[in-house]
Visitor: 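Take a look at this one; I'll ask things after.
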Amino acid sequence: MGCAKNEVDSAAMARRLSAAGYQIVEDASAADAVIVNTCSFIQAATEESIDAIFEAAALPKVEAGAAPLIVAGCMPARYGEDLACELAEARAFVPCSREDDIVAIVEGLVGPAPERSAAGVADTTGSRSFAYVKISDGCDRLCSYCTIPFIRGRYHSFAFEQIAADVAREIAEGAHEIVLIAQDTGRWGADLPEGRDLAWLVDQLAKAHPDTWFRVMYLQPEGITDELLAVMAARENVCSYLDIPLQHVSAPVLRAMNRAGSAEKFRDLIERIEAAVPGITLRTTLIAGFPGETEEQFEELLEFVSEGLFHYIGVFPYSREEGTAAFDLPDQVDEDEKAERAQILRDAADAACGPRIAERIGQTMPVLVEGTEEDGQLFGRAQCQAPDVDGVTYIHHGEPGDIVQTTIIDTLLYEMEGD
């Protein structure tokens with residue numbers, strides 16, 4: 001469940017179990033153990049994870065007690081022992097910090113793996129043209145609305161050698177694009193003794209794998225350095241793309257969020273980025289209805305969205321999460337009002353971003369072929385489209401894994417058509 005970071009964790013658990021001799025099967029009802037890797041970043045994600053747990057608990061072998069149900073990831077990390085009291089259906093709880101121990105946990109429930117057979121082994125991660133690679137975990141920012149520090153703990157960078165090995169493995173398994181992710185990618189290296197930083201990391205990886213695209217996601221404004229922009233401008237296989245979660249633009253709201261910035265500072269930042277990397281694609285995420293957000297502050301955010309500074313904008317209504325500092329803030333915004341403000345922002349984002357996408361008509365760009373729709377239509381992604389969030393480019397030739405030069409001939413909001 002949840003974000004790409006959980007996807008990476010799930011794949012890592014599957015690899016460990018496979019290496020120990022267990023088979024990962026497609027049909028959960030045939031499994032001898034079922035693991036649900038949960039998300040609990042916000043209440044809606046928690047509820048979705050609970051639904052998945054109950055769905056797994058209803059599988060005949062699980063319900064009969066023949067196959068243990070294991071709940072892993074963010075929910076055990078966030079709720080701890082309270083979860084065990086509420087979910088008697090589960091036989092084990094594995095927080096994020098213990099996922100490396102998944103083999104021992106499964107062995108304790110079902111015994112050691114039998115003699116391994118190649119038959120029936122399934123790759124649950126699927127065959128994809130891209131792969132997510134985590135470069136760090138945890139977060140020290142303590143944004144007042146966010147549960148991540150309680151779930152993932154303090155920020156810590158992964159060693160370069162580990163990241164390089166993960167990248168090499170994913171490329172060997174067929175990935176043509178590597179998406180570097182973390183809770184706070186811009187801080188990579190700050191806690192390492194070598195004095196390395198994200199710009200150095202991206203440059204090293206791009207130099208080592210010149211035929212692979214590299215993309216950086218979840219980059220806080222403070223992490224956008226001149227050195228990183230220089231690497232993006234210099235290396236063709238580093239996507240000219242930045243995902244910058246601003247969350248808001250009103251300075252008072254940002255202070256209440258325990259974040260920095262203002263509309264004017266963000267405009268200056270975007271100007272600096274576009275001067276260093278002409279033609280760069282920009283994405284952001286915003287929160288509507290944060291406690292105390294006035295009509296004037298919302299209008300300031302709406303005006304900023306309408307300026308068309310970004311190509312893609314994700315909008316979420318504020319979710320009031322127990323344990324966060326914002327939970328007890330005064331002037332909580334009504335749920336209906338939050339939803340209405342979020343929808344107004346989404347409509348404004350579509351109106352502002354659509355023309356930015358349409359500006360690509362007539363441009364020729366490389367497109368990574370990903371597959372075909374049910375009707376046989378071939379599709380892929382250009383470097384200006386991050387996987388899973390930014391739409392696709394429909395094309396007329398090529399095979400999955402090919403990178404084809406494509407001229408954009410039409411757009412439909414966030415989708416593009418190439419020839």
Visitor: If you take all heavy atoms of N37 and G73, which pair is closest and at what distance?
Guide: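 For N37 versus G73, the nearest heavy atoms are OD1-CA, 3.2 Å.
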Visitor: Is it the case that atom CD in Q162 sees more than 12 heavy atoms from other parts of the structure closer than 6.0 Å?
Guide: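 Yes, the 6.0 Å shell around CD holds more than 12 heavy atoms from other groups.
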Visitor: Would you say CD of Q343 has more than 12 non-hydrogen atoms from neighbouring residues, nucleotides or ligands within 6.0 angstrom?
Guide: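 Check passes, neighbour count above 12.
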Visitor: Look only at the side chain of S136 and the backbone of A182, and say whether a donor-acceptor pair between them is shorter than 3.5 Å.
Guide: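 Such a contact is absent between S136 side chain and A182 backbone.
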Visitor: Is the shortest side-chain N to carboxylate O distance from E271 to R267 below 4.0 Å?
Guide: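 Between R267 and E271 there is no salt bridge, as every charged N stays at least 4.0 Å from the carboxylate O atoms.
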Visitor: Which residue is it: S144, P221, C146? I am looking for the one with a side-chain contact (heavy atoms from CB on, under 4.5 Å) to R259.
Guide: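 It is P221; the other options fail the test.
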Visitor: Within the 4.5 Å heavy-atom criterion, are S40 and Y79 side-chain neighbours or not?
Guide: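 SC-SC contact between S40 and Y79 confirmed.
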Visitor: Could you pull out the closest heavy-atom pair between L87 and F93, with the gap in Å?
Guide: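 It is O-CZ, 3.5 Å.
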Visitor: Between the main-chain N or O of V404 and the side-chain N or O of T406, is there a donor-acceptor pair closer than 3.5 Å?
Guide: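 Looks like yes, one N/O pair under 3.5 Å.
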Visitor: Give a yes or no on whether E322 atom CD has more than 12 heavy-atom contacts from other residues, nucleotides or ligands under 6.0 Å away.
Guide: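 No, not enclosed.
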Visitor: Could you label the plane-to-plane angle of the W200 and F160 rings as parallel, tilted or perpendicular, counting under 30° as parallel and over 60° as perpendicular?
Guide: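 Because their plane-to-plane angle is over 60°, the rings of W200 and F160 count as perpendicular.
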Visitor: For L142, does its backbone N or O pair with a side-chain atom of N258 as donor and acceptor, under 3.5 Å?
Guide: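 Between the backbone of L142 and the side chain of N258 there is a qualifying donor-acceptor contact (under 3.5 Å).
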Visitor: Could you check whether any side-chain heavy atom of L205 comes within less than 4.5 Å of a side-chain heavy atom of L180, counting everything from C-beta outward?
Guide: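 Yes, side chains in contact.
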Visitor: Could you verify whether a donor N or O on one side chain and an acceptor N or O on the other, from D350 and Y414, lie under 3.5 Å apart?
Guide: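 Yes, because at least one side-chain N or O of D350 sits under 3.5 Å from a partner of the opposite role on Y414.
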Visitor: Verify the distance criterion only: is there a donor paired with an acceptor across the side chains of T407 and T364 at less than 3.5 Å?
Guide: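 Their side chains do contain a donor-acceptor pair, which is all the 3.5 Å distance test asks for.
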Visitor: Taking C-beta and beyond as the side chain, do F310 and I270 meet within less than 4.5 Å on heavy atoms?
Guide: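 Yes. Closest side-chain heavy atoms under 4.5 Å.
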Visitor: Side chains of Q220 and R187: is there a donor and an acceptor less than 3.5 Å apart?
Guide: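 Note: Q220 and R187 side chains miss the donor-acceptor criterion.
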Visitor: Would E293 and H248 satisfy side-chain contact (heavy atoms from CB on, under 4.5 Å), going step by step from the backbone distance to the final call?
Guide: CA-CA 10 Å; E293 181 189 64; H248 213 282; 2.7 Å; yes
Visitor: Within this structure, what is the CG-OG distance for the pair L229 and S240, rounded to the nearest 0.5 Å?
Guide: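 It is 10.0 Å, given to the nearest 0.5 Å.
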Visitor: Are any of the side-chain heavy atoms of H311 and Q385 separated by less than 4.5 Å?
Guide: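 H311 vs Q385: side chains apart.
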Visitor: Would you say CD of Q405 has more than 12 non-hydrogen atoms from neighbouring residues, nucleotides or ligands within 6.0 angstrom?
Guide: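 Yes.
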Visitor: Would you say the side-chain atoms of D197 pair up with the backbone N or O of G189, donor to acceptor, closer than 3.5 Å?
Guide: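 Not a single qualifying donor-acceptor pair exists.
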Visitor: State whether F214 and R235 meet the cation-pi test: NZ (Lys) or CZ (Arg) under 6.0 Å from the six-membered ring centroid, and within 45° of the perpendicular axis.
Guide: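 Because its charged atom misses either the 6.0 Å distance or the 45° angle limit, R235 does not stack over F214.
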Visitor: My understanding is that only one of D166, T185, D9 makes a side-chain hydrogen bond (donor to acceptor under 3.5 Å, both in side chains) with K134; could you say which?
Guide: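 Only one option passes, and that is D9.
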Visitor: Is there a side-chain contact between F316 and I42, using heavy atoms and a 4.5 Å cut-off?
Guide: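 The answer is no; the side chains never approach within 4.5 Å.
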Visitor: Mind running side-chain contact (heavy atoms from CB on, under 4.5 Å) on Y318 and Q332 for me, showing each step along the way?
Guide: CA-CA 10 Å; Y318 165 72; Q332 297 282 333; 3.6 Å; yes
Visitor: Does any N or O in the side chain of R152 come within less than 3.5 Å of the main-chain N or O of C139, such that one atom is a donor and the other an acceptor?
Guide: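 Judged by distance alone, no pair lies under 3.5 Å.
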Visitor: Under 3.5 Å, is there a donor on one side chain and an acceptor on the other for S262 and E264?
Guide: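 No, no side-chain donor-acceptor contact under 3.5 Å.
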Visitor: About how many Å separate CG of N6 and OG1 of T38, when rounded to the nearest 0.5 Å?
Guide: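 So the OG1 of T38 and the CG of N6 are separated by 7.0 Å.
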Visitor: Measure the CD1-CD1 distance between I244 and I224 for me, rounded to the nearest 0.5 Å.
Guide: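 Atom-to-atom, I244:CD1 and I224:CD1 are 3.5 Å apart.
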Visitor: Is the ring pair F130/Y132 parallel, tilted or perpendicular, if the boundaries are 30 and 60 degrees?
Guide: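 Geometry flag for Y132 against F130: perpendicular rings.
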Visitor: When you measure from the side chain of Y22 to the backbone of A14, do you find a donor-acceptor pair of N or O atoms at a distance under 3.5 Å?
Guide: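 No.
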Visitor: Can a salt bridge be assigned to the pair R141 and E222 using a cut-off of 4.0 Å between side-chain N and carboxylate O?
Guide: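 A salt bridge links R141 with E222.
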Visitor: Got a second to check how far E370's CD is from I395's CD1, nearest 0.5 Å?
Guide: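 The CD1 atom of I395 is 9.0 Å from CD of E370, to the nearest 0.5 Å.
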Visitor: Locate the shortest heavy-atom distance separating T147 from E321; write the atom from each residue and the value.
Guide: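 For T147 versus E321, the nearest heavy atoms are CG2-CB, 3.8 Å.
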Visitor: Does the side-chain contact (heavy atoms from CB on, under 4.5 Å) test come out yes or no for Q383 and M365, once each step is laid out?
Guide: CA-CA 8 Å; Q383 287 195 357; M365 58 187 67; over 6 Å; no
Visitor: So, taking the atom named CD1 in I171 and the one named CG in D211, what distance separates them when rounded to the nearest 0.5 Å?
Guide: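 I171 CD1 to D211 CG: 9.0 Å, rounded to 0.5 Å.
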Visitor: So, for K61 and S29, which heavy atoms are closest and what is the spacing to 0.1 Å?
Guide: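 K61 and S29 have their closest heavy atoms at CD-O, 3.3 Å.
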Visitor: Using 0.5 Å steps for rounding, measure from the SG atom of C384 to the CZ atom of R215.
Guide: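 Reported value, rounded in 0.5 Å steps: 8.0 Å.
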Visitor: Looking at every heavy atom in both H156 and G138, which two are closest together, and how far apart are they?
Guide: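 Shortest heavy-atom separation between H156 and G138 comes out as CE1-N, 4.5 Å.
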Visitor: Compute whether any side-chain donor of one residue and acceptor of the other, for D191 and S157, lie under 3.5 angstrom apart.
Guide: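 Yes, because at least one side-chain N or O of D191 sits under 3.5 Å from a partner of the opposite role on S157.
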Visitor: Near E274 CD, under 6.0 Å, is it more than 12 heavy atoms from other residues, nucleotides or ligands?
Guide: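 Above 12, so yes.
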Visitor: Verify whether one side chain among Q43 and S319 offers a donor that lies under 3.5 Å from an acceptor in the other.
Guide: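 The answer is no; no qualifying pair exists.
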Visitor: Inspect the surroundings of CD in E89 and state if more than 12 heavy atoms from other residues, nucleotides or ligands are less than 6.0 Å away.
Guide: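 Enclosed.
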Visitor: So among R283, R381, R356, which one has a salt bridge (Lys or Arg N to Asp or Glu O under 4.0 Å) with D390?
Guide: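 Running salt bridge (Lys or Arg N to Asp or Glu O under 4.0 Å) over R283, R381, R356 with D390 returns exactly one hit, R283.
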Visitor: Working note: Y312 + D243, criterion side-chain contact (heavy atoms from CB on, under 4.5 Å); need CA distance, chi angles, decisive distance, verdict.
Guide: CA-CA 9 Å; Y312 306 101; D243 169 46; over 6 Å; no
Visitor: Just wondering, do Q297 and L301 contact through their side chains at under 4.5 Å, heavy atoms?
Guide: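 In short, these two side chains do not touch, never coming nearer than 4.5 Å.
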Visitor: State, to 0.1 Å, how close F158 and L192 come at their nearest heavy-atom pair, and which atoms those are.
Guide: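 Residues F158 and L192, closest heavy atoms: O-CD1, 4.1 Å.
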Visitor: Is the closest side-chain heavy-atom distance between F266 and L309 below 4.5 Å?
Guide: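 Counting from C-beta outward, F266 and L309 never come under 4.5 Å.
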Visitor: Do E417 side-chain atoms and Y394 backbone N/O form a donor-acceptor pair below 3.5 Å?
Guide: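 Such a contact is absent between E417 side chain and Y394 backbone.
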Visitor: Heavy-atom distance under 4.5 Å between the side chains of E299 and E303, does that happen here?
Guide: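 Answer no - side chains too far apart.
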